[in-house]
*Asks:* 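I'd like to ask some things about the structure below.
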Amino acid sequence: MRPLEALAKVCVDVRAGEPEEGVLGVQPALVAAPASVAEAAEVMRAAAEQGLSVVPRGAETRLDWGTPPRRCDLLVDTHRLDGLVEHASGDLVATAEAGLSLEALAERLAEKGQRLSLDVPLPGSTVGGTIATGAAGPLRTLFGTPRNLVIGLTVVRADGKVARSGGKVVKNVAGYDLGRLFSGSYGTLGLIVEATFRLHPVPAAAAWVTRRVGGPEEAHEAVQAVLHSPAAPSALEYIHPGTVAALLEGVPDGVAARAGRLVDLLGGDARITEDAPDGWGLYPDGTTLIDASAPPPSLRELIGLVDGLQHDVAMTWSGVGHGQIGLPSGMTSEEVGGALGALRDVLGRHKGGAVVRYAPQEVRSEIDMWGPVPSLALMRRVKDQFDPDHRLSPGRFVGGI
């Protein structure tokens with residue numbers, strides 16, 4: 001039986017792929033859009049029987065992250081998996097399907113005065129895509145990333161079997177916390193179909209305290225002052241060039257008091273605002289985006305390096321030691337490679353690293369997108385166990401996984 005016929009037997013919405021649907025230039029032969037977990041499982045089972053490579057797609061907000069797949073026989077589109085399965089507001093827990101956008105999820109949760117404490121730097125981002133790329137913004141300072149907020153995950157394995165772990169367990173995968181394992185896995189271990197999240201109350205009040213800083217030393221001192229203060233910010237960001245901002249949330253009187261003390265602590269032109277500063281929660285401009293991580297003390301050297309580049313480089317940096325650097329289109333492949341190497345040297349001295357999220361094709365082909373990965377051997381063994389035929393997003397992740 002031909003692949004299209006096999007898939008059409010288990011999924012109503014199956015068709016040939018279009019050139020504009022290419023994943024980093026690799027056109028899918030077929031596209032299937034299952035409308036339920038059961039249908040998704042049947043699609044994956046049929047793909048396994050036909051030996052098809054499979055790449056998941058949400059809203060395409062981060063489909064250009066990572067490296068191109070070696071092949072894409074089947075693109076599994078999750079846009080019809082867009083339901084809020086359950087909102088147990090009394091337990092501060094919600095289960096959502098993978099294709100639901102974070103904005104739509106936020107609207108539903110807000111009806112009960114609750115939220116998923118993840119930022120949405122790219123409008124339209126879906127539950128599944130956010131987990132698959134491990135994406136997070138300024139709120140990671142207090143609440144962490146998807147791997148910290150996912151308490152249960154339902155996935156379809158490469159062979160079409162449904163596996164669950166964590167909250168609402170029906171069939172567990174012994175020895176694995178799927179929420180942590182699948183966070184940042186780029187679709188290489190299985191198809192995410194549902195996720196259960198830990199929620200938080202929507203704060204009654206919020207305020208930003210911002211201060212302009214003059215250089216690496218001032219920025220470092222301001223960030224360290226906030227981190228070691230009792231202000232307990234929900235988020236702390238350095239926005240290049242020269243802005244340190246802290247988000248305080250809670251009850252009105254408490255936020256006002258904490259904000260006032262933080263203004264006194266930071267000094268200079270520190271002030272309280274009701275609105276976020278420009279650039280807050282957004283990825284920096286640029287045609288190449290680099291994700292950087294290292295302990296907070298690395299910020300001083302990192303700013304010095306960025307200031308020394310002969311280009312207009314944008315950067316945001318979370319106080320807990322994670323940020324993004326945007327390199328402009330005017331940089332050649334050699335210049336990007338040089339800047340990336342210098343970044344990895346600086347961050348490496350602090351036991352951190354840098355990963356290129358996206359870049360123009362001519363740049364991507366000339367640089368090491370991922371950098372050193374000490375745990376690569378372990379990651380390969382996990383890949384072999386979850387996807388022994390290496391059909392899921394082949395080549396999309398580090399080391400060609």
Side-chain angles (χ1 to χ4, degrees), residues 58-63 65 78 81-89 91-154 166-167 177-187 192-203 206 208 232-237 245-250 276 279-284 289 291 293 316-324 357:
E60 297 191 50
T61 56
R62 297 184 177 88
L63 203 59
W65 284 27
T78 64
L81 293 167
D82 62 350
L84 178 59
V85 178
E86 181 182 8
H87 180 194
S89 57
D91 296 325
L92 286 170
V93 167
T95 299
E97 291 184 319
L100 185 66
S101 73
L102 293 186
E103 293 98 332
L105 176 60
E107 289 180 8
R108 297 288 299 277
L109 299 179
E111 295 172 3
K112 298 292 186 179
Q114 296 177 0
R115 72 176 184 182
L116 172 60
S117 298
L118 284 175
D119 302 279
V120 190
L122 296 175
S125 298
T126 62
V127 165
T130 299
I131 296 170
T133 54
L139 288 174
R140 72 190 307 144
T141 303
L142 183 61
F143 301 104
T145 67
R147 70 195 306 267
N148 305 111
L149 295 170
V150 172
I151 59 174
L153 201 66
T154 300
D177 179 342
L178 293 186
R180 289 180 177 270
L181 193 62
F182 274 64
S183 182
S185 64
Y186 283 74
I192 298 170
V193 286
E194 287 182 3
T196 300
F197 294 102
R198 175 187 300 111
L199 307 177
H200 295 89
V202 174
W208 281 265
S234 295
L236 173 60
E237 288 279 284
L247 169 63
L248 305 178
E249 298 179 319
W280 177 274
L282 302 177
Y283 293 130
L289 181 68
D291 193 86
S293 60
T316 60
W317 181 261
S318 167
V320 293
H322 194 108
Q324 288 84 30
R357 294 304 190 193

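Bear in mind the structure is a predicted one, so any value in this text is a computation, not a measurement.
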*Asks:* Would a 4.5 Å heavy-atom cut-off, applied to side chains only, mark Pro284 and Leu289 as touching?
*Replies:* yes
*Asks:* Is there side-chain contact between Thr78 and Val193, with heavy atoms separated by less than 4.5 Å?
*Replies:*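 Counting from C-beta outward, Thr78 and Val193 never come under 4.5 Å.
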*Asks:* Please report the shortest heavy-atom distance between Gly250 and Pro203, naming the atom on each side.
*Replies:* N-CB, 3.9 Å
*Asks:* Under the ring pair (Phe, Tyr, Trp, His ring centres under 6.0 Å) definition, can you give me all pairs with a residue in residues 115-153, not counting sequence neighbours?
*Replies:* Phe143-His200
*Asks:* Are Thr316 and Tyr283 side-chain neighbours, meaning at least one heavy-atom pair lies under 4.5 Å?
*Replies:* no
*Asks:* Sorted by first residue and then second, give each ring pair (Phe, Tyr, Trp, His ring centres under 6.0 Å) pair with at least one member in residues 103-136; sequence neighbours left out.
*Replies:* none
*Asks:* What distance separates Leu178 CG from Arg147 CZ, expressed to the nearest 0.5 Å?
*Replies:* 13.0 Å
*Asks:* Please report the interatomic distance CG(Leu109) to OG(Ser89), rounded to the nearest 0.5 Å.
*Replies:* 10.0 Å
*Asks:* Donor-acceptor pairs under 3.5 angstrom involving side-chain atoms of residues 121-129: please list them, not counting sequence neighbours.
*Replies:*
| unit_1 | atom_1 | unit_2 | atom_2 | d |
| --- | --- | --- | --- | --- |
| Ser125 | OG | Thr61 | OG1 | 3.3 |
| Ser125 | OG | Arg62 | NH1 | 3.2 |
| Ser125 | OG | Leu122 | O | 2.7 |
| Thr126 | OG1 | Gly129 | N | 3.1 |

*Asks:* Side chains of residues 179-186: which donor-acceptor partners sit under 3.5 Å, not counting sequence neighbours?
*Replies:*
| unit_1 | atom_1 | unit_2 | atom_2 | d |
| --- | --- | --- | --- | --- |
| Ser185 | OG | Phe182 | O | 2.8 |
| Tyr186 | OH | Arg357 | NH1 | 2.7 |

*Asks:* Got a sec, which pairs hit side chain to side chain donor-acceptor pair (under 3.5 Å) with one end in residues 97-110, sequence neighbours left out?
*Replies:*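 Sorted result for residues 97-110: empty, none.
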*Asks:* Using side-chain contact (heavy atoms from CB on, under 4.5 Å), reason through Leu236 and Val320 one step at a time and then give a plain yes or no.
*Replies:* CA-CA 8 Å; Leu236 173 60; Val320 293; over 6 Å; no
*Asks:* Quick check: do Leu84 and Leu105 have side-chain heavy atoms less than 4.5 Å from each other?
*Replies:*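 Of all side-chain heavy-atom pairs linking Leu105 with Leu84, at least one is under 4.5 Å.
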*Asks:* Taking only residues two or more places apart in sequence, or in another chain, which ones meet Glu60 in a salt bridge (Lys or Arg N to Asp or Glu O under 4.0 Å)?
*Replies:*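 So Glu60 forms a salt bridge (Lys or Arg N to Asp or Glu O under 4.0 Å) with Arg57.
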*Asks:* Identify the heavy atoms of Trp280 and Pro138 that sit nearest to each other, and give their distance.
*Replies:* CZ2-CB, 3.6 Å
*Asks:* Atom CG of Asp119 and atom CG of Leu139: how far apart are they, to the nearest 0.5 Å?
*Replies:*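 One gets 4.0 Å once the value is rounded to the nearest 0.5 Å.
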*Asks:* Let me confirm one number: the OG-CZ distance from Ser117 to Arg198, rounded to the nearest 0.5 Å.
*Replies:*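 CZ of Arg198 is found 10.5 Å from OG of Ser117.
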*Asks:* Quick one: closest heavy-atom pair of Ala195 and Leu153, and the distance?
*Replies:* CB-CD1, 3.7 Å
*Asks:* Side chains of Thr95 and Glu86: donor-acceptor distance under 3.5 Å anywhere?
*Replies:* no
*Asks:* Please check this pair: side chain of Asn148 against backbone of Thr145, looking for a donor-acceptor N/O pair closer than 3.5 Å.
*Replies:* yes
*Asks:* Quick check for you: to the nearest 0.5 Å, what is the distance between Leu149 atom CG and Thr130 atom OG1?
*Replies:* 11.5 Å
*Asks:* Between Thr196 and Val93, is a side-chain contact (heavy atoms from CB on, under 4.5 Å) present by the stated rule, with each step listed?
*Replies:* CA-CA 7 Å; Thr196 300; Val93 167; 3.3 Å; yes
*Asks:* How long is the gap from CH2 on Trp208 to CD on Glu237, to the nearest 0.5 Å?
*Replies:* 12.0 Å
*Asks:* Is it true that the side chains of Gln114 and His87 contain a donor and an acceptor less than 3.5 Å apart?
*Replies:*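 A donor-acceptor contact under 3.5 Å links the two side chains.
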